[in-house]
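To start, the structure under review is shown below, and the notes come after it.
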Amino acid sequence: MPKDNGIGASPKRREDVRFLTGRGKYTDDIQLANTSYACFARSDVANGVIKSIDTSAAEAMPGVLAVFTGEDFVEVGGNPAGWAISSRDGTPMHEPKRPVLAHGKVRHVGDAYAAVVAETPEQARDAAEAIEIDIEEQPAVIDMAAALSGSTFVHDEIGTNQCFDWGWIEDNREATDEAIKNAPHVTTLELINNRVVPNAMEPRASIGDYDPGTDEYKLYTTSQNPHLTRLLISAFVLGIPENKLTVVAPDVGGGFGSKIYHYGEEALVLAAAKKLARPVKWTASRSEAFLTDAHGRDHVTKIELACDKEGNFIAFRTETLANVGAYLSNFSTATPTFLHGTLMAGTYTVPNVYVNVKTVFTNTAPVDAYRGAGRPEATYSIERVIDKCADELGIDKIEIRRKNFIQPDQYPYTTPVGLSYDIGNYDALMDTLERRLDVAGFEARRAESAANGKLRGIGINSYIEACGIAPSNLVGQLGSRVGLYDAATVRVNATGNISVMVGAHSHGQGHETVFPQVVAEMLGIDEASIDIVHGDSSKIPFGMGTYGSRSLAVCGSAVVRATEKIINKGKKIAAHMLEASDADIELVDGQFTVAGTDKSVGFGDVALKAYIPHEFPLEDIEPGLEETAFYDPANFTYPSGAYGCEVEVDPETGKVDILKFVACDDFGNVVNPMIVEGQVQGGLGQGIGQAMLEVGTYDADGQLTNGSYMDYAMPRADDMPQMVVDHSNGTACTHNPLGVKGCGEAGAIGSPPTVVNAVVNALRSAGHDVTHIDMPLTPSRVWAAMNG
Amino acid sequence: MYEFDFERPSTIAEAVAALATEDAQALGGGQTLIPTLKQRLASPSKLVSLSGIAEMKGISADGGTVTIGGGTSHAAVAAGAGAYPALAALAGNIGDPAVRSRGTIGGSLANNDPSACYPSAALASGATIVTNTREIAADDYFEGMFTTALEEGEIITAVRFPVPDAAAYAKFEQPASRFALVGVFVAKYADGVRVAVTGASEDGVFRWTEAEEALSANFSVDAVAGLSASADGLISDLHGDAAYRAHLIGVMTKRAVAAAS
Ligand SMILES: Cc1cc2nc3c(=O)[nH]c(=O)nc-3n(C[C@H](O)[C@H](O)[C@H](O)COP(=O)(O)OP(=O)(O)OC[C@H]3O[C@@H](n4cnc5c(N)ncnc54)[C@H](O)[C@@H]3O)c2cc1C
């Protein structure tokens, strides 16, 4: 019988009742009395010097309350990068100021140089159009290689478009070069990890509110991490004391990374609210979302794999150009480095690994973490070059991977790029994949497709990611300017029901369902009596939010620790009530029981006692039943998986159909199997979107040529294959109390190389000498590869 | 959107009168025009909705001709143009259900998007575009991307399609918009075959005369198998260059012929 309560059960997502009936409460749904509306004037040129801005016509327009330009924010701070990275030669990265509004220069199409606040959104928009700006246009810096050699700069004051030139690990460099020079076989592959636009269903929105009576500010905003946003605004940008600023991230309609970061619009609505003593609201249009949300990926990479003739790996060497766009977004320096370079050993025993990443400023939207963040780029490079190598050596794709897998008896396994994998079993995952994809039956299916005039291909992939971000001590050594613990408060109410305040933020993940399952399991009570509070910095403990598949692994661990404290205190109260010693009390099925007796008292009675402390040993125990815990992980968690898919290519048109996709993941222990399956499916959707359909494209002038759904292709239901999601091979994480690893990003990490491997396999099977096709594999690109 | 006046007349005559105002514009299903207004890319003084005009709606079949009111939705054509199955099928594959319920044949032909589906059906069928003032043969109607023979304020009140002996529309979808990256409509009449191509040319919908000649002589896939369309003047964009589109014209023509045979 499957469980219907607690860990391992699959209750329906309780948040879906409001989401599916239109009762979700998103930022734009919040309507404060006397609200005014902001509209931003945005650059339509990519690079240029602002000669003058004339706001007088706008100020005179109906309903206009205030007009702001960059000039109004020269005194306040910039929006900082969260990680300080040094170049190979030890010099610190270039970190140009990212102002609230552009000042002196505009640096990408969509860069906001002014904002109007008016009585209505339409009035604000009319007035924003009436602002006159004189820009002396400069050539746009778009192509990364050209940016590094050219003499036009995104930030003139630093005199280079290179942010940093990073080596990982620099001490591996010589040995890796040497190994590659002497290797019996070297496979080289150049590839592009295409830029994607996040496209959360809910565009960004913010409301600033200020109370002159108390000097308190409140920001409602589309954020994945309200405390981090508050910290950035308080400590770096506006200097509002943290105790005077509340940040509320209510229901948020998807983030995928793009809502981790603090954006200038948030600072603007707060500053405007203070000036006007009125709430100021801004909601992005879809066009603004395309132009200004932090984009993802955008790497140009050359990877080399050295091995012997039998396919035993000797070295990986990578050179990557990573686009950071026009300004450093908060995680933009960590994503192509410590979330990418550290994963460049994959699931393999390879003695030499060296990674070089040059980050490049361009006149494009900032680029930052997007579902998977760095790990998809690492996986893509490794798993593509392995396939190419296998083709060159004539070795089976599964065999070459198995031959090099780290074996279960090798854990903890320290890779040459600085991570220590605690546990895994890659062969077991591959066994399951072979069975569920029916790899043995592939040739027969290929023949069937051939009879229908189609080319069938199979793609295999083995990924690993570092999740549960992150051990503060370790990331501190690596340059992080923040800690990456999380926090939870478990508040047992007098009548025995429970509110759990968590630092993680749910914007689609299902925390409201899953966290109660954990607490219910530990306390032995019905999860229906437990609720989650999240998203409001005035209600929750200081947590770092949700990204990097960290919510359950890090915040969930804090929930466990806080619940353990509740249990310990409950035992003391129960011992007093039962006139026993606390050491003899055990909690079984919601009853505090004196071990070995039938004397017990229910959890609810203990809660009531805590709040009505009559005959209470006040000298030993405080009244109340509420506990907080902060949890900082000892290590990353390492989800891994074997993915496979089959595709059919129409040789006449180049159109690819993904017929079946099998994802076998090791997420450690699983709390809610249904939600995990949904997370993997969603991740596959995004990974398949990147592989098949999506690419944010700038022309030479810096215009985003596909900034709408007319030209930017998002995956739709009929683009999705039959999906099989298997998590039967979990190896419990060794260092967190739930043994969980995180499942949010896996699908987006593992799927792109799987799909590309399959398509290349299909084309090669028909005799096409194709070794690689850059994503997205649109029909025209696949056709060109066949007819090139 | 910028502000505009709004009228919803119930007769063609009233609509024509309402459109006489300077910068007034007709509103069909709004599936092209409303997004344009939201982007502030157009600023009509007045919108004259055609959706309340009963005489512009409906489908009739009579003696080898199907006549469709200019205000008839794609969904209505998909469901009601059984006398011309290839046309009904084309309408049933435009956009999504919301687009099909609102969008109209008159709006589509007036707009003449180079990637729209209906223009290929009208041109391949030698349809007649009926307006409030005159009748225009399809061959004279399409004048290039987003350009037609319509005069200012002229309303498409109906479209008359001669029903062919056999016909089919083969559409290769642009991955994002799912408009036609290349769409080919083939229609076989007693006096010859007409082939119209949409999605491909910088001049909008056009007839592929080479294929017409080959198919008029021998209506079979083999007859066009050896033909290749010229890439000159074809669209090159993110979704496919001119050479790819030229190739697709051949493939989609074969598929349309196969489906029609
Ligand atoms: C998501 C989406 C997907 C789509 N997919 C496709 C597709 O696959 N294939 C395809 O062909 N189209 C597609 N379309 C376009 C759709 O078919 C539109 O409905 C059509 O192009 C315009 O018709 P409308 O009635 O909505 O016209 P409107 O948007 O109201 O008007 C368009 C223009 O025509 C004028 N006009 C409208 N009616 C008349 C009339 N009777 N006489 C004279 N002028 C008139 C208007 O003044 C305006 O200039 C899609 C649209 C959307 C939004």
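First the proteins, then the strands, lettered A, B, ... as listed; each starts at 1. Owing to the predicted nature of the structure, the values given are computational and were not obtained by experimental measurement.
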Let's test your reading of the structure: which of Met252(B), Glu3(B), His239(B), Arg245(B) forms the most heavy-atom pairs below 4.5 Å with chain A?
His239(B)
[atom2] on [Y] to [atom1] on [X], rounded to 0.5 Å:
X	Y	atom1	atom2	value
Thr697(A)	Leu238(B)	OG1	CG	4.5 Å
Lys38(B)	Ser287(A)	NZ	OG	10.5 Å
Thr705(A)	Asp237(B)	OG1	CG	9.0 Å
Leu181(B)	Lys655(A)	CG	NZ	11.5 Å

Under 4.0 Å between a side-chain nitrogen and a carboxylate oxygen: does that hold for Arg178(B) and Asp719(A)?
yes
Charged N-O contact under 4.0 Å between Arg716(A) and Asp96(B)
no
So what's closer than 4.5 Å to chain B heavy atoms on [X]: side chain, backbone, both or neither?
X	result
Pro776(A)	neither
Arg125(A)	both
Asp699(A)	neither
Glu129(A)	side chain

With a 3.5 Å distance limit and no angle check, can you tell me whether Tyr2(B) reaches the backbone of Asp126(A) through a side-chain donor-acceptor pair?
no
Minimum heavy-atom separation for Pro175(B) to Leu693(A), with atom names?
CB-CD2, 4.0 Å
Smallest separation among heavy atoms of Phe172(B) and Thr653(A), with atom names
CE1-CB, 3.6 Å
Take Glu652(A) and Lys254(B) through the test side chain to side chain contact (heavy atoms under 4.5 Å, CB included) and record every step on the way to the result.
CA-CA 11 Å; Glu652(A) 278 192 323; Lys254(B) 280 193 290 177; 3.1 Å; yes
Identify which part of Gln39(B) has an atom lying under 4.5 Å from any heavy atom of chain A, answering side chain, backbone, both or neither.
both
In terms of heavy-atom proximity below 4.5 Å to chain A, should Arg40(B) be classed as side chain, backbone, both, or neither?
both
Does a side chain donor of either His247(B) or Asn787(A) reach within less than 3.5 Å of an acceptor in the other side chain?
no
